[in-house]
Amino acid sequence: MPALSDAERILAAIRAIPRGQVAGYGQIAHRAGLPGRARLVARILSGNEDPELPWHRVLRSDGRIALPPGSKGWREQARRLRAEGLQVVEGRVRMPRAESALDAALWGPR
DNA sequence: CTCATGACTAGCT
DNA sequence: TAGCTAGCCATGA
């Protein structure tokens, strides 16, 4: 039996996102050793109940909040991100221009 | 088995 | 940047 399930590795990858930083669904999947499983990450998050999990740091590849615009979760995520010093406009996280050259730089150091 | 659904992506216009 | 399309994968009917 595997030491860690896919879900556990994904949760670990999410918990590893530093405060004030964000990561994409695909990135989380990749870091968890599950390339191409972005939708699995989304599935895990939708069913998550751990209040300690920094789920608000997970965004879509285009930097937008994945939840339905205007929904309760959407507002909560935007609120938490701003609370960590990030600029959120129209459900979209704006990153410093100097570091937006590539995704790797965009999402911060591994 | 097929079909629909969803906190997804990448490519093209 | 926005809109559309096709591909993707796990679940449940």
Side-chain angles (χ1 to χ4, degrees):
Chain A
M1 56 179 269
L4 260 53
S5 69
D6 291 351
E8 291 173 319
R9 283 189 305 225
I10 288 173
L11 290 174
I14 294 175
R15 294 194 191 95
I17 305 174
R19 192 174 187 288
Q21 284 188 32
V22 293
Y25 286 83
Q27 286 241 283
I28 293 301
H30 186 75
R31 291 180 189 181
L34 302 167
R37 306 301 190 272
R39 304 199 80 146
L40 176 56
V41 175
R43 216 189 133 52
I44 298 297
L45 280 185
S46 67
N48 173 65
E49 292 183 14
D50 183 354
E52 295 296 283
L53 191 72
W55 58 270
H56 57 283
R57 295 177 190 150
V58 184
L59 306 171
R60 287 196 334 209
S61 63
D62 59 4
R64 284 193 152 211
I65 290 175
L67 293 163
S71 69
K72 185 176 182 181
W74 183 92
R75 292 192 302 273
E76 176 64 11
Q77 182 163 18
R79 186 188 72 72
R80 293 197 187 194
L81 289 172
R82 282 190 288 258
E84 295 190 358
L86 292 171
Q87 183 178 8
V88 183
V89 181
E90 296 289 295
R92 182 187 320 162
V93 172
R94 288 204 171 298
M95 304 298 274
R97 211 161 176 318
E99 304 184 51
S100 63
L102 296 174
D103 288 338
L106 222 173
W107 305 123
R110 29 186 171 296

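Just so it is clear, the values below take in all heavy atoms, side chains as well, and ignore hydrogens, waters and symmetry mates.
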(request) Specify the residue among A:Gly36 and A:Arg64 whose closest nucleotide of DNA chain C lies further upstream toward the 5′ end. (result) A:Arg64
(request) Take A:Ile14 and A:Ile44, measure what side-chain contact (heavy atoms from CB on, under 4.5 Å) needs, and give me the verdict at the end. (result) CA-CA 11 Å; A:Ile14 294 175; A:Ile44 298 297; 5.6 Å; no
(message) From CG of A:Leu34 over to P of C:dC8, roughly how many Å is that when rounded to an integer?
(response) 17 Å
(message) Expressed as a whole number of angstroms, how long is the span from A:Arg60:CZ to C:dT1:P?
(response) 13 Å
(message) Using the C1' atom as the point on both nucleotides, what is the distance between B:dA7 and C:dA13, in whole Å?
(response) 22 Å
(message) Quick check: do A:Glu76 and A:Arg80 have side-chain heavy atoms less than 4.5 Å from each other?
(response) yes
(request) From the options C:dA10, C:dG7, B:dA7, select the nucleotide whose nearest atom is closest to the side chain of A:Leu40. (result) C:dA10
(request) Could you tell me whether A:Trp74 contacts a base, only the sugar-phosphate backbone, or nothing, with contacts defined as non-hydrogen atoms closer than 4.0 Å? (result) nothing
(message) Is any side-chain heavy atom of A:Val22 closer than 4.5 Å to one of A:Glu84?
(response) no
(request) For A:Asn48 and C:dA10, give me the distance from atom CG to atom C1', rounded to whole Å. (result) 17 Å
(message) If you define the side chain from C-beta out and look only at heavy atoms, does anything of A:Arg37 sit under 4.5 Å from A:Asp6?
(response) no
(message) Using whole Å, what does the distance between atom C1' of nucleotide B:dG6 and atom OH of A:Tyr25 come to?
(response) 11 Å
(message) For a 4.5 angstrom cut-off between non-hydrogen side-chain atoms, does A:Asp50 reach A:Arg15?
(response) yes
(request) Check every atom of B:dT9, C:dT1, B:dA7 against the side chain of A:Ser61 and return the nucleotide holding the closest atom. (result) B:dT9
(request) Between B:dA7, C:dA2, B:dT9, spot the one nearest the side chain of A:Ala66, thanks. (result) B:dA7
(request) Side chain of A:Arg37 only, please: which of B:dA7, C:dA2, C:dA10 is the nearest? (result) C:dA10
(message) Could you tell me how far apart A:Ile28 (CD1) and B:dA7 (P) are, to the nearest whole angstrom?
(response) 17 Å
(message) Rounded to whole Å, how long is the line connecting atom CD1 of A:Ile44 with atom P of B:dA7?
(response) 13 Å
(request) Check the distance between C:dA10's P and A:Arg43's CZ and give it to me in whole angstrom. (result) 10 Å
(request) Could you work out which one of B:dT9, B:dA7, C:dA2 sits closest to the side chain of A:Ala38? (result) B:dT9
(request) Take the protein atom CD1 of A:Ile14 and the nucleotide atom P of B:dA7, then report the distance between them rounded to whole Å. (result) 14 Å
